[in-house]
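Notes follow the structure.
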Amino acid sequence: MHKKRFRYLLCFLVFILVFFGGIYVSGDRVRDRAEVASNTKTPKPQKTAKPTKKPVQRVMQTQAPASEKAKTKAKKVKAKKSFKLNLKKKNKLSKGLYRLGKKLFYIKKNKKVATGYTKVEDSAYYFSPKTGFAVKKAWQEVEFEGETYKLYFDEDGQRVMDVTDLMEEDCKYQIDVNLAKNMLAIFAQDKDGKYSIPVKSMICSGGMAGHETIQGTYTGLIPLGEWHQLRYNSVGQYATRISGPYLFHSVVYDTFDSYSLDKEEYEKLGTSASHGCIRLQVIDAKWIFDRASQCQAKIYSDKSKKYLLDKPDMVEVGKDDQGNYYDPTDPNLAWAG
């Protein structure tokens, strides 16, 4: 009897173990399947990057030596790829010079696009009235003070202020000498016979009170010599006769020596200081001397006269180790070559 009860109890325990063991195993399988399913979910599609917009670059002007054109630095400004200038309405861009690809344009203070001849810091540009973009590597006619002039703009769109190298060898010139401003403005003759091409400008000294320079238009300029004896026991370089005793020449020297420059007289350049002649820096006196047969001089006094050429500054006088003074523009100096 007891043996029979023991067998019943043993069978019951085996049933309990088999039943609950099956539930546990099936639970582990469900969890494993869930983990697998969670690790094999389809990833969300990645958003494609938007195409990069073509930038408009803001150009920052920097100071450059007088012999060079001002270089530029570009500051990127976001703009749509299909960016177009609105020549009639205001733009969102602030005042400044901008670059769009290889094209330049300028936004004025009133947020409108500049057109025509425009000065930007130390440079000048010509922006097309049709497109608003700067003219490059080309001659451009510009209206100024009721006259039409021809200016040249380089590959950066900046105006070339000295176009001597662009002129023909036999080109004719007119040297405007404004005694009131003590400056020269030189113009080249165009194909129509007009002196409409501003070539370059020079600082000078005309006659002081009591020794006034003659006025009028003079042709047939005559080169006299690389060194020339002047009045008052002084000499000058690259003298060219205008008429009679009136000459173009350098600032005076004590002797026929580039290192005997009269410092005090040199530093008067830009003021009325001569005894009637037109004094110049050596490099400028040589420019006229070399082209004398191609030039005519127009001498007058007009404080109100405006030019498309600025009066240049005087180059500071030089001094050697022995205390001798010289004109730094002098091509005959020992180190100049």
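A donor-acceptor distance shorter than 3.5 angstrom exists from the side chain of Thr213 to the backbone of Gly207, with no hydrogens or angles considered. Within the 3.5 Å criterion, the main-chain N or O of Tyr152 finds no donor-acceptor partner in the side chain of Gln140. A donor-acceptor pair under 3.5 Å is formed between the side chain of Gln294 and the backbone N or O of Glu169. Judged purely by atom type and a 3.5 angstrom limit, Tyr253 has no side-chain atom pairing as donor or acceptor with the backbone of Ser250. Without hydrogens or angle criteria, Asp254 side chain to Leu261 main chain gives no donor-acceptor distance under 3.5 Å.
A salt bridge does not link Asp154 with Lys137: every distance from a Lys NZ or Arg NE/NH1/NH2 to an Asp or Glu carboxylate oxygen is 4.0 Å or more. With respect to the salt-bridge test (charged N to carboxylate O, under 4.0 angstrom), the residues Lys305 and Glu145 do not qualify. Using a cutoff of 4.0 Å between basic side-chain nitrogens and carboxylate oxygens, Lys268 and Glu264 are not scored as salt-bridged. A salt bridge is absent between Asp156 and Lys102: the closest approach of a Lys/Arg side-chain nitrogen to an acidic carboxylate oxygen does not fall below 4.0 angstrom.
Residues meeting the side-chain hydrogen bond (donor to acceptor under 3.5 Å, both in side chains) test with Asp302, sequence neighbours left out: Ser304.
Side chains of Gln281 and Thr329: no donor on one and acceptor on the other come within 3.5 Å. Counted by atom type alone, Asp262 and Tyr325 present zero donor-acceptor pairs between their side chains at under 3.5 Å.
When each of Val315, Ile283, Leu333 is paired with Pro328, the side chain to side chain contact (heavy atoms under 4.5 Å, CB included) condition holds for Val315 and for no other.
Note that OH of Tyr326 is 11.0 Å distant from NZ of Lys319, once rounded to the nearest 0.5 Å.
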